[in-house]
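First comes the structure, then the notes that go with it.
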Number of protein chains: 2
Amino acid sequence: MDLHSLHDIPHSEERFTGYLKEICETFEFDDAAYAGINPVGGTMHAIVTYNEDWQNHYQENGLHLIDPTLHSAMRSVAPVDWSRLGRNANFRKVFDTARDFGIGEFGMTVPIRGPYGEFGMLSVTRDCDAATWKKLKRNVIADIQPVAAHIHDHVMGSEPLTKFLHHPNLSRREKEILQWIAAGKSQQDIADILCISSRTVEVHLRSARQKLFALTTAQAVGRAIGMSIIYPS
Amino acid sequence: MDLHSLHDIPHSEERFTGYLKEICETFEFDDAAYAGINPVGGTMHAIVTYNEDWQNHYQENGLHLIDPTLHSAMRSVAPVDWSRLGRNANFRKVFDTARDFGIGEFGMTVPIRGPYGEFGMLSVTRDCDAATWKKLKRNVIADIQPVAAHIHDHVMGSEPLTKFLHHPNLSRREKEILQWIAAGKSQQDIADILCISSRTVEVHLRSARQKLFALTTAQAVGRAIGMSIIYPS
DNA sequence: TTAGCTATTAGGGAAATCCCGTAGTTTTGG
DNA sequence: CCAAAACTACGGGATTTCCCTAATAGCTAA
């Protein structure tokens with residue numbers, strides 16, 4: 001996820017806000033926010049319980065570009081506990097202002113990665129002292145990832161395109177050759193490697209493009225990677 | 001992850017087996033297995049505590065191709081509880097044989113997805129009755145994902161290439177143009193869209209290829225998608 | 001002010017890709 | 001056994017990509 005994309009994210013989707021509010025009540029958080037992107041459908045989602053003023057401020061000032069909670073989550077497999085982030089200039093810039101809006105600096109952000117490249121982040125926060133946060137964190141740690149996964153599934157599952165996700169039936173040869181293309185080999189290279197004619201390579205690529213509904217081979221590579229049929233290399 | 005790839009996975013890496021054994025002791029599992037793939041480095045990993053006979057049987061019979069625990073985990077964000085899988089022909093095929101090797105049909109598989117497209121699965125199993133499994137599952141559910149993430153990080157972090165993972169500094173124009181390439185547009189198309197010369201498009205693509213260390217534009221597309229710089233489209 | 005980076009543009013031509021169509025052989029699944 | 005899919009291969013030629021080389025202008029940070 002490119003953080004620039006977050007600027008274009010649509011306004012909080014109210015139909016899911018209830019879920020986040022329920023989480024806040026259940027786990028005693030003040031606020032929660034979910035941001036998600038589905039590369040296959042090219043869609044983005046946001047759900048936020050924060051008040052309008054903070055939302056506007058955050059967006060207008062492009063705080064997502066420097067927010068260390070987001071940056072860390074993007075590079076992490078596990079949930080990111082804000083209290084473990086360095087209190088550097090960016091952190092201060094975000095959270096000193098947040099305080100004016102009643103938002104504290106204790107929270108956590110849970111990255112969620114799905115099988116088709118979907119990516120989401122669930123952030124939850126509570127304005128409290130360190131000891132309370134430590135206790136709250138321990139109480140919710142068991143549930144936060146399943147909860148995040150649940151929200152993510154719900155949001156992604158609300159997209160028609162995801163439901164339509166049809167796994168194309170590439171032959172083994174087609175996959176193999178497309179993988180070599182992704183590795184930077186030319187058709188002639190691949191022909192030499194596989195001891196076949198370059199015209200045969202061309203035929204397989206054409207077939208693969210058709211099955212992937214791709215106009216070009218580069219597009220086919222991209223789609224196949226997006227569907228985990230082949231891998232970057 | 002293409003399940004065919006698992007056939008080529010190297011033998012269990014003994015230097016990490018201790019971790020899995022520790023997990024088995026701590027959480028009272030009989031066996032554990034981790035399989036991971038790092039697309040950027042093109043590497044695969046396996047760590048297994050199962051006995052040699054089952055390992056050989058599993059591999060020789062290509063059971064990974066039909067193992068529903070693997071298939072489900074690949075399509076899931078959350079951990080997959082085996083007891084919730086349908087007892088269909090494939091399940092029976094795997095687990096009726098497993099029983100002969102002392103492996104029960106209660107377990108779970110945790111998918112782990114990293115920020116650079118790394119993917120892993122941690123499977124743990126216990127030969128017991130349903131009630132015991134239900135209790136054990138409840139006991140470990142809080143810790144299983146962090147543990148899986150920990151193992152995954154360790155295995156992936158053991159690769160020199162991962163440490164070298166340098167996020168290339170593509171300019172905005174380079175990203176934009178590469179995204180259009182991934183959308184199937186030709187250089188001339190892109191020039192028309194952006195109201196620039198196709199020779200300019202060509203220059204940006206060359207620069208992008210260089211920054212991504214790619215031999216071809218298709219390879220550059222693949223790598224950029226793998227790094228989430230651009231998206232399939 | 002200077003250096004580095006980005007964005008823009010072009011010439012000439014070789015190499016590669018792709019289009020469109022065709023066809024034989026082998027393998028696979030019902 | 002049979003039909004469909006996969007694998008193999010080709011002709012002819014249009015189109016696109018990419019190589020190599022070169023240059024200017026604007027912006028930003030030191």
Side-chain angles (χ1 to χ4, degrees), chain A residues 2 4 62 65-66 89-90 166-224 229-230, chain B residues 2-4 7 61-62 65-66 89-90 93 166-224 229-230:
Chain A
D2 178 2
H4 281 96
L65 296 174
I66 62 165
N90 286 341
H166 158 65
H167 211 304
N169 212 16
L170 296 211
S171 72
R172 293 196 66 179
R173 202 61 150 175
E174 286 158 1
K175 289 178 200 167
E176 185 177 26
I177 285 171
L178 209 49
Q179 186 66 75
W180 281 117
I181 292 285
K185 301 295 181 185
S186 69
Q187 289 177 9
Q188 186 56 59
D189 290 337
I190 297 165
D192 294 338
I193 291 167
L194 303 179
C195 303
I196 55 175
S197 155
S198 68
R199 306 309 306 264
T200 304
V201 172
E202 191 183 318
V203 168
H204 286 306
L205 286 177
R206 188 176 358 173
S207 183
R209 286 199 299 279
Q210 282 169 0
K211 289 178 184 179
L212 292 160
F213 300 100
L215 297 169
T216 65
T217 296
Q219 188 183 23
V221 164
R223 288 195 168 159
I229 295 169
I230 64 169
Chain B
D2 177 2
L3 288 179
H4 282 94
H7 191 77
N61 291 276
L65 296 176
I66 62 166
N90 285 343
K93 192 168 180 184
H166 158 64
H167 211 303
N169 212 16
L170 295 211
S171 71
R172 295 199 65 176
R173 203 60 151 174
E174 286 159 0
K175 288 178 201 168
E176 184 176 27
I177 286 171
L178 210 48
Q179 185 67 74
W180 282 117
I181 292 285
K185 301 295 181 187
S186 69
Q187 290 177 12
Q188 186 56 60
D189 290 336
I190 297 165
D192 294 337
I193 291 166
L194 302 179
C195 302
I196 56 175
S197 152
S198 69
R199 307 309 304 263
T200 305
V201 174
E202 191 183 320
V203 166
H204 287 305
L205 284 177
R206 186 175 0 178
S207 181
R209 286 198 302 273
Q210 281 169 0
K211 290 178 182 179
L212 292 161
F213 300 100
L215 296 168
T216 66
T217 296
Q219 188 183 21
V221 164
R223 288 197 168 157
I229 295 169
I230 65 170

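Throughout, a chain's letter reflects where its sequence line sits, starting with A, and its residues are numbered from 1.
Within residues 192-207 of chain A, the residues that place at least one heavy atom under 4.0 Å from DNA chain C are, in residue-number order, A/Arg199, A/Glu202, A/Arg206.
Of the inter-residue distances, the one linking A/Gln187 atom CD with A/Ile181 atom CD1 reads 5.5 Å to the nearest 0.5 angstrom. Atom CZ of A/Arg206 and atom CD of A/Gln210 lie 7.0 Å apart (nearest 0.5 Å). Atom CD1 of B/Ile177 sits about 6.0 Å away from atom CG of B/Leu205, to the nearest 0.5 Å. If you take CD on A/Glu176 and CD1 on A/Ile230, they are separated by 12.0 Å, rounding to the nearest 0.5 Å.
Atom C1' of nucleotide D/dA6 and atom CG of A/Leu170 are separated by 12 Å, given to the nearest angstrom. Between the CD1 atom of A/Ile177 and the C1' atom of D/dC7 there is a distance of 9 Å, rounded to whole Å. Taking atom CD1 on B/Ile181 and atom C1' on D/dT17, their separation rounds to 10 Å, with Å as the unit. Whole-Å rounding puts the B/Leu178 CG to D/dT17 C1' distance at 15 Å. In this structure, CZ of B/Arg173 is placed 16 Å from C1' of D/dC27, rounded to the nearest angstrom. One interatomic measurement links the two molecules: CG of A/Leu215 to C1' of D/dT17, which rounds to 17 Å at whole-angstrom precision. Between the P atom of D/dT17 and the NZ atom of B/Lys185 lies a distance of 13 Å, rounded to the nearest Å.
Closest heavy-atom contact between B/Arg209 and B/Thr217: NH1-OG1, 2.9 Å. What you find for B/Ala191 and B/Ser197 is that their closest heavy atoms are CB-C, 3.7 Å. Between A/Leu178 and A/Ala224, the closest heavy-atom pair is CD2-CB, 3.9 Å. When all heavy atoms of B/Gln219 and B/Leu215 are compared, the closest pair comes out as OE1-N, 2.7 Å.
Within the structure, every side-chain polar atom (N or O) of B/Thr217 is placed at least 4.0 Å from both OP1 and OP2 of D/dT17. Contact check, B/Gln188 against D/dT17: no side-chain N or O comes under 4.0 Å of OP1 or OP2.
Nucleotides of DNA chain C that come within less than 4.0 Å of any heavy atom of chain A span, from the 5' end to the 3' end, C/dT17 to C/dG21.
Using a distance-only test at 3.5 Å, with no hydrogens or angles considered, no donor-acceptor pair links the side chain of A/Glu174 to the main chain of A/Leu170.
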